[in-house]
Each structure stands twice: as C-alpha cells, then as structure tokens.
Amino acid sequence: MVDSVRQVVINSPLDMHLHFREGAMAQTVIPLSSYSFAGGVIMPNLVPAVNNFERLTGYLAEIKSIVGEDLFEPYMTLFFKQYSYQELEQFKPHILGIKLYPAGVTTNSENGVAAINKTEATMKYMEELGIPLLVHGETHGFVLDRERLFLPIFEYLADKFPRLKIIMEHITTAEAVALLDKHDNLYSTFTLHHLIITLDDLAGGLLRPHLFCKPIAKRPEDRAALLNAAVQAHPKLMFGSDSAPHPIDKKEACGCAAGIFTAPIALQALVDLFEQHNALDNLQAFVSDNAQKIYGVTPPQKSITLESTPYKVPEMYGEVVPMFAGRKLPWSITKVNNLI
Ligand code: NCD
Ligand code: ZN
C-alpha cells in the first residue's frame with residue numbers, strides 16, 4: 001500500500017537569528033531564506049560591524065535589492081557598543097534590537113563587549129526606549145561550560161533591567177532553558193541543529209566540520225531539554241536558525257570557522273522533527289506566532305506548503321555546504337503563496 005502524500009502549511013515562517021553576510025555570499029544565501037521565510041532577524045557581525053547609521057542603511061539596501069520581489073521582511077539589528085540615548089532614539093524605528101557579543105566568543109566578535117559593567121548605561125536607555133537586547137551568552141571558560149557560566153549574567157541583567165526584553169540567543173543547555181520560567185523578561189531562540197545533534201555528531205567519530213558552530217553542540221540531556229521545550233512551543237521561545245554560511249575552504253580547513261548553514265533546509269527538517277514528536281500542531285507557534293508576540297511584529301502574509309515527498313539536499317549552494325548535504329529529507333517545499 002502506498003502512503004498518501006501529506007501536507008503541512010506554515011503561515012509566515014520567521015527565522016529570528018540569521019547570518020546573511022555581504023557581497024557574493026549574500027547573493028547566494030539571501031534568496032534561499034527570502035523564498036521560504038516571511039522575515040528574519042539579520043545579525044550585525046560583519047566586518048566592519050553594523051554599528052552606525054551608514055552601515056545599517058547600506059546593509060538594509062543591499063539585502064532589499066537581493067530579496068527583490070520575494071515577500072521577506074529583514075528585521076535589522078545593530079552590533080552592541082555604547083550608544084547615547086539620542087542615537088538610540090534615532091535608530092529605534094529602523095531596528096528590531098541590538099546584539100551583544102562578548103569580545104572574541106565567536107565569528108567576527110573581536111570588537112564585542114569586554115566588560116559587562118561598561119554596558120549598563122546603554123542597556124538602561126534600551127530599556128527606556130523599548131529596544132530588545134539580543135545576547136550571544138558565552139564566556140571564555142571551558143568550551144562545554146561557556147553557556148552555563150554566562151547564565152548568572154543573564155539573571156543579573158534580567159533583574160537589573162526588568163523592563164528590558166532580553167533574548168538568550170541560540171541556547172544549548174537544559175540550565176538555560178530553565179531560566180525562561182524564572183525571569184519574565186528572558187526569552188530565547190533555538191536553532192534547528194541544536195535540536196538534532198550533540199557533541200558526538202560533531203566529534204564522536206571522524207570530525208564533521210560542517211557541524212561545528214558556537215555555541216558548540218552539547219550533551220544528549222541538553223538536546224532533550226531543548227526538544228521538549230521546542231515541541232511544546234514554549235511561549236518564550238522562537239525559532240532562530242543561526243544559519244551561518246562560510247565558504248567550504250574556511251570550513252574544511254585547519255582552523256575551521258564556526259557556523260552551520262541550515263537556512264535552505266530548515267523548514268523541511270523542522271516539519272520532519274515535529275512530525276516525529278507528534279507535535280506538528282505546535283510548529284506554527286514555534287516558527288512564527290511566538291516571535292510575533294514576543295517582538296510585537298506583523299510579518300508579510302505568506303503561506304508555505306510542504307509535502308511528504310523526499311527532498312534531496314544539494315551538496316553545495318555556491319561555495320557553501322549545507323547541513324544534511326546530499327541526504328534525503330522526507331519533506332519538500334512545494335508551494336509558496338503570497339497572501340497580499
Ligand atoms: C556565527 C557566524 O559564523 O557568524 N557562527 C556560529 O558558529 N554560530 C556567529 C554566531 O552566531 O555565533
Ligand atoms: Zn549567530
């Protein structure tokens with residue numbers, strides 16, 4: 001007996017943590033997101049960083065020109081530095097939030113924050129103006145402990161600035177998930193890959209550079225805690241792929257760049273994952289509705305239809321190797337409908 005083809009429709013999926021890069025790489029990767037997503041939060045860790053008006057407007061113009069006719073809203077972020085109240089007032093209509101990187105913890109974060117206590121004036125202004133703070137929450141401790149060691153800083157900031165929305169980006173540990181229920185103003189994004197892989201997939205056998213990212217994949221218990229919260233679509237969490245493309249020569253190298261490229265396969269893999277956990281009913285909240293409520297945004301109206309027919313993931317997109325390269329996923333995107 002042949003199984004009949006099943007369908008899943010997702011309305012206005014959002015990717016709330018996304019690296020688009022610039023130039024040729026942006027030309028390759030932006031259309032892959034703007035085709036199947038209705039919007040995304042664009043990370044500012046370019047060289048030089050997106051931390052002034054000229055960079056912000058120039059980058060937005062580049063993104064819009066590549067997005068073209070696709071219905072896709074780029075939600076822009078600024079790279080955290082000390083900004084004055086007046087600067088932030090001017091930026092506010094053009095950004096969704098400000099992204100804080102501790103100095104040196106990940107790709108292009110060298111000019112990030114070296115001392116958290118020097119950031120508080122800016123955070124106070126952000127709290128007053130209602131600008132969310134997005135944080136890459138890792139220290140310079142032992143690599144598996146970096147996120148856990150950062151959690152007291154999240155708690156400190158959450159208490160000190162109770163009206164500031166703080167998003168714990170791409171969290172990977174059970175302890176971080178637990179904080180969502182402890183502080184009203186803490187939220188988080190989850191990636192696809194941290195719901196699927198553990199450190200074993202990266203380094204338990206032959207080293208898999210295309211699964212190397214920051215924060216590094218953790219233990220099975222951590223993945224289980226993330227998965228449990230994701231499939232329930234915990235209202236304080238949002239999907240954010242952290243899709244982070246690097247050219248193959250930077251990944252298959254001595255000194256592999258951190259970042260996993262998932263944007264073009266994210267929706268297909270999420271449908272598969274949620275189906276396996278009998279949670280398809282919660283996927284809409286996880287990939288769109290929660291983010292709309294948390295950030296108060298209304299994305300372009302667009303519906304994406306997926307069907308249970310296999311999708312063979314390409315080996316490469318331009319110079320970038322995606323997660324699941326060359327493998328078959330059980331779901332394909334078959335239709336994109338613009339609803340306006
Ligand atoms: C990201 C990148 O390549 O820009 N890398 C990663 O491993 N996730 C930066 C980041 O989000 O940490
Ligand atoms: Zn990222």
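Side chains included, hydrogens not; waters and symmetry mates left out as well; all remaining heavy atoms used. Ligands are counted one by one from 1 in listed order, and the atoms in each one are counted from 1 as well.
Contacts with ligand 1 closer than 4.0 Å are made by no heavy atom of I260, backbone or side chain. Of the heavy atoms in K250, none comes closer than 4.0 Å to ligand 1. With a heavy-atom cut-off of 4.0 Å, H17 touches ligand 1 through its side chain alone. If you look at H136 next to ligand 1, the close heavy atoms, those under 4.0 Å, all belong to the side chain.
Polar contact with ligand 1: absent for Y101 (N/O pair, distance under 3.5 Å). Of the polar atoms of K99, none of the N or O atoms is found under 3.5 Å from an N or O of ligand 1, judged by distance alone. Polar contact check, C213 against ligand 1: no nitrogen or oxygen pair lies under 3.5 Å apart. Considering both main-chain and side-chain atoms, A258 comes within under 3.5 Å of ligand 1 through a nitrogen or oxygen pair.
Residue contact annotation: H17 places an N/O/S atom under 2.8 Å from the Zn ion (ligand 2). Among the atoms of H19, an N, O or S atom is found under 2.8 Å from the Zn ion (ligand 2). For residue D242, an N/O/S atom approaches the Zn ion (ligand 2) to within less than 2.8 Å.
A donor-acceptor distance shorter than 3.5 angstrom exists from the side chain of R21 to the backbone of P245, with no hydrogens or angles considered. A distance-only check finds no donor-acceptor pair linking the side chain of T28 to the backbone of G318 [under 3.5 Å].
Ligand 1 is never approached by E138 to a heavy-atom distance shorter than 4.0 Å.
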I'd like to know whether R148 forms a salt bridge (Lys or Arg N to Asp or Glu O under 4.0 Å) with D145, so could you lay out the CA-CA distance, the side-chain angles of the two residues, the decisive distance to 0.1 Å, and finally the verdict. CA-CA 5 Å; R148 201 166 44 75; D145 294 336; 3.1 Å; yes

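Taking every heavy atom of G259 and a limit of under 4.0 angstrom, the matching atoms of ligand 1 come to 5 (N), 6 (C), 7 (O). Within ligand 1, counting atoms from 1 as listed, the ones closer than 4.0 Å to a heavy atom of H170 are 11 (O).
E275 pairs by the salt bridge (Lys or Arg N to Asp or Glu O under 4.0 Å) definition with R6, not counting sequence neighbours.
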Tabulate below the donor-acceptor pairs under 3.5 Å that side-chain atoms of residues 30-49 make, not counting sequence neighbours, or state none.
| residue | atom | partner | partner atom | Å |
| --- | --- | --- | --- | --- |
| S34 | OG | I30 | O | 3.3 |
| S34 | OG | D70 | OD2 | 2.7 |
| N45 | OD1 | H19 | ND1 | 3.0 |
| N45 | ND2 | T107 | O | 3.2 |

